[in-house]
Amino acid sequence: MADKQVLTGEHFVHGDAACAEGGIAVGCRFFAGYPITPATEVAERMARRLPQVGGVYIQMEDEIASMAAILGASWGGLKSMTSTSGPGFSLMMENIGLGMMTETPCVVVNVQRAGPSTGLPTLVGQADVMQARWGSHGDYGCIALAPSSPQECFDLTVHAFNLAEIYRQPVFVMSDEVVGHTTEKVVIPPREKLEVVERIRPHQAQSEYLPFDSKGPMPAPMATAGDGYHVHVTGLTHDERGYPVITDVVQERNVRHLVDKIRRNARQIIRVEGVHLDDAEVVVVAYGCTARVARQAVEDMRTRGHRAGLLRLITLWPFPSHLIRELAPRVKAFIVPEINYGQMVYEVERTAQGKAEVVLMGLMGGAIHTPREIEDAIGDYL
Amino acid sequence: MAGASEKKILKPLKNFPMEEYINSGHRACQGCAEVLAVRHVLKAIGPDMILAMATGCMEIISSPYPLTSWNVPWIHVAFENAAAVASGVESGLKALRRKGRIPDKEITVLAMGGDGGTTDIGFQALSGMMERGQKVIYVCVDNEAYMNTGIQRSSSTPFGASTTTSPAGKVHPAGQMTWKKDMTAIAAAHGIPYTATACPSFYTDLIKKVQKAKEANGPAYLHILSVCPTGWRIPPEKAIQYGQLAVDTGVFPLYEVENGVWKLSRKAKALKPVTDYFKGQGRYRHLDEKLTAFIQEKVNERWERLLKLCGVELQTEDQA
């Protein structure tokens with residue numbers, strides 16, 4: 001019988017479907033969603049596929065409920081996921097904060113469209129990348145990945161689940177409408193070649209188990225409902241046992257841990273792709289669909305003998321500050337094309353520390369850059 | 001609460017308003033009975049209205065330039081908040097009128113949403129509006145799924161309908177496995193002065209109900225079944241016919257609740273079998289005899305309960 005969990009082989013599918021398949025392949029068995037263009041296809045695929053592998057798809061009454069449901073499912077012991085776009089992402093914010101505070105692993109796919117508000121429902125945007133970082137109130141560490149092809153939608157959704165389990169928190173896959181609706185070849189590897197991280201469960205006695213231990217740089221093992229441990233889960237500031245202790249002292253420990261577990265492990269989490277960076281004079285920093293255009297521009301410039309390079313962000317958060325810092329003294333400029341009016345460019349600017357020009361090529365949404373536009377911008381600094 | 005309105009209700013057919021408040025030239029699908037329902041609702045209210053509309057089919061087919069169809073003040077809100085925005089509009093008008101800043105004439109505040117925008121994401125805002133007693137007519141144009149995003153189930157999708165997120169298959173042979181949320185009863189339970197179901201296939205009944213809602217002394221809720229040929233997978237020219245069948249089979253009975261009094265809108269007679277209604281609808285194509293019988297049983301049960309609430313007895317023998 002064919003393996004219904006991992007559809008090993010070559011497929012011709014769009015990015016949204018690849019996100020769904022990535023989730024199923026890595027073991028996601030619960031999806032709570034709500035229709036929203038251009039992310040609906042993820043939910044539709046899940047509604048059809050999850051029953052085939054013994055999983056559960058439920059459609060919720062809104063995105064607030066969707067996010068809450070996947071947190072619940074995660075504490076119930078399943079790998080869980082939801083997908084949405086801008087307006088839904090906004091509605092999820094409070095419960096994303098709850099997921100961060102309760103250290104609940106899960107994956108949120110945001111197929112970005114142009115905002116604010118209803119904006120351009122069917123057209124591309126990349127303006128939720130700062131919202132992913134700072135959208136929910138309070139401090140927490142953030143992991144966000146940006147696929148730039150359907151293949152990466154599959155790969156990064158798998159990776160997102162692994163990171164979620166390792167760092168015990170919601171992880172974002174920040175796709176966009178162009179990537180989500182692009183149909184391309186997607187290769188799904190054989191099951192044994194797929195890297196799958198399973199949740200670390202506690203083994204110690206109840207009396208020694210601290211479900212929210214914050215001493216080390218890594219989160220504590222996670223007991224789920226039915227494991228036999230007495231666990232108190234709360235959105236209130238809590239101590240290592242999970243009991244609410246509403247004092248500045250515990251807040252200090254609790255929140256530091258939420259931020260530090262990502263900050264201290266940033267080097268392990270960060271993934272980028274460098275193209276012609278060794279001798280580049282001008283570096284384009286791009287992600288998502290924009291990185292595909294930027295790559296074309298950089299290759300075109302190289303064939304004409306210009307020293308252009310591309311730093312493609314695969315993890316948006318944590319941001320690869322150390323790489324920008326290394327590059328800054330030896331390049332003339334960073335060109336940052338993105339489909340918003342300046343978001344990731346602030347990070348580049350901040351970490352370049354004035355040692356190189358930083359140029360924003362902003363688009364408000366609905367269209368993508370052309371390679372020619374990026375080439376012209378590179379040309380200005382050569 | 002006030003009794004029945006003393007104002008004269010227009011006799012619809014004879015005085016069917018000629019004015020159009022939503023123009024043709026919009027981009028609704030062929031045979032869309034939802035936009036027909038909107039058209040009739042607006043005609044029944046007249047020009048003095050402000051309409052707050054949730055995201056959904058009706059918003060997207062009627063508002064983008066250059067296909068803008070509205071002849072009345074119209075505000076597009078988010079998906080979940082038509083009732084809340086309408087509450088604000090109503091309170092604002094009241095304050096302006098009290099201060100003499102606008103002429104002292106009656107302006108009807110209307111909120112409109114689809115079944116998703118009403119029974120799912122907009123439910124909380126609607127409940128708040130009704131609880132506060134705001135004088136707003138809320139119209140749910142119910143095409144029984146999220147049609148704008150491409151036919152996903154909502155809590156108003158009937159049991160047995162196949163949608164892209166409740167697909168009929170080996171594991172879930174029925175497709176949608178839950179029963180349609182009884183929004184009209186929920187609205188009536190808020191104790192608001194007027195609640196009714198309607199369907200544009202019975203337009204005189206629909207117009208009469210809208211006018212009653214307009215005269216109600218407080219919130220009014222109208223739940224209008226709006227046949228969607230695209231989502232139900234039926235030929236566009238059969239939209240009106242399927243609306244009639246939904247009513248005649250008891251799948252979607254027409255009734256009203258005026259100041260707590262339940263009243264059947266059509267004479268209680270034996271129902272047609274639900275198979276008459278299911279036949280030809282692509283969304284019910286997968287149903288076998290067993291599932292159909294199961295649905296028939298539930299429809300009968302609900303029909304009998306409704307008759308009891310309305311205090312009427314069947315005039316002919318019971319179908320089941």
Side-chain angles (χ1 to χ4, degrees), chain A residues 4 14 16-17 20 29 31-67 69 82-92 111 113 115-123 177 180-181 366, chain B residues 53-57 59-61 63-64 75-82 85 113-127 143 145-157 161-178 181 183 186 231:
Chain A
K4 291 236 165 150
H14 53 65
D16 283 358
R29 289 296 174 270
F31 186 99
Y34 191 72
I36 186 165
T37 307
T40 307
E41 292 88 340
V42 185
E44 288 181 330
R45 181 100 176 183
M46 282 299 202
R48 237 177 336 114
R49 286 277 287 125
L50 276 176
Q52 296 174 0
V53 294
V56 175
Y57 166 90
I58 52 173
Q59 193 174 305
M60 304 304 291
E61 66 274 22
D62 56 25
E63 289 89 349
I64 300 174
S66 302
M67 188 63 213
T82 187
S83 68
T84 191
S85 189
F89 201 49
S90 294
L91 285 180
M92 286 177 183
V111 188
R113 66 193 217 187
S117 191
T118 315
L120 294 173
T122 58
L123 299 173
E177 187 274 334
H181 284 166
Chain B
M53 181 169 267
T55 296
C57 280
E59 167 256 326
I60 205 67
I61 59 119
S63 68
I75 176 171
H76 168 226
V77 298
F79 204 177
E80 67 277 14
N81 55 2
V85 171
D115 50 302
T118 303
T119 67
D120 285 343
I121 197 168
F123 188 75
Q124 169 173 318
L126 172 59
S127 181
N143 55 19
Y146 290 86
M147 300 307 183
N148 188 31
T149 44
I151 324 175
Q152 291 81 36
R153 69 149 313 246
S154 75
S155 58
S156 201
T157 302
S162 185
T163 70
T164 63
T165 56
S166 63
K170 268 189 204 145
V171 183
H172 303 303
Q176 172 88 339
M177 302 284 280
T178 53
K181 188 184 274 184
M183 223 16 245
I186 294 170

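Chain letters run A, B, ... following the sequence lines, proteins first and then strands; every chain starts at 1.
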| query | Under a 4.5 Å cut-off applied to non-hydrogen side-chain atoms, are A:Glu63 and B:Ile121 in contact? | reply |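 The answer is yes, as the side chains (C-beta and beyond) meet within the 4.5 Å cut-off.
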Can you tell me how far the [atom1] atom of [X] sits from the [atom2] atom of [Y], to the nearest 0.5 Å?
| X | Y | atom1 | atom2 | result |
| --- | --- | --- | --- | --- |
| A:Tyr57 | B:Arg153 | OH | CZ | 7.5 Å |
| B:Gln152 | A:Ile36 | CD | CD1 | 11.0 Å |
| A:Thr37 | B:Ile60 | OG1 | CD1 | 9.0 Å |

| Any idea which of B:Thr55, B:Thr149, B:Thr165, B:Thr163 has the most non-hydrogen atom pairs under 4.5 angstrom with chain A? |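 That would be B:Thr165.
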| task | With side-chain contact (heavy atoms from CB on, under 4.5 Å) as the test, would you mind laying out the steps for B:Asp120 and A:Tyr34 before giving the verdict? | result | CA-CA 10 Å; B:Asp120 285 343; A:Tyr34 191 72; 4.2 Å; yes
What are the two closest non-hydrogen atoms of [X] and [Y], and how far apart are they?
| X | Y | answer |
| --- | --- | --- |
| A:Ala47 | B:Pro167 | O-CG, 4.0 Å |
| B:Val171 | A:Pro51 | CG2-O, 3.6 Å |
| A:Glu44 | B:Gly150 | OE2-O, 3.5 Å |

| request: Dump the intermediate steps for side-chain contact (heavy atoms from CB on, under 4.5 Å) on B:Tyr146 and A:Gln59, then the final yes or no. | output: CA-CA 12 Å; B:Tyr146 290 86; A:Gln59 193 174 305; 3.5 Å; yes
| task | Select one option (side chain, backbone, both, neither) describing which atoms of B:Phe79 are under 4.5 Å from chain A's heavy atoms. | result |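 Just the side chain, heavy atoms under 4.5 Å.
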| message | With a 4.5 angstrom heavy-atom cut-off, is it the side chain or the backbone of A:Ser117 that approaches chain B, or both, or neither? | response |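 No part of A:Ser117 comes within 4.5 Å of chain B.
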| request: Have a look at B:Glu80 and tell me which of A:Ile64, A:Leu91, A:Asp62 forms a side-chain contact (heavy atoms from CB on, under 4.5 Å) with it. | output: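 Of the listed residues A:Ile64, A:Leu91, A:Asp62, the side-chain contact (heavy atoms from CB on, under 4.5 Å) partner of B:Glu80 is A:Leu91.
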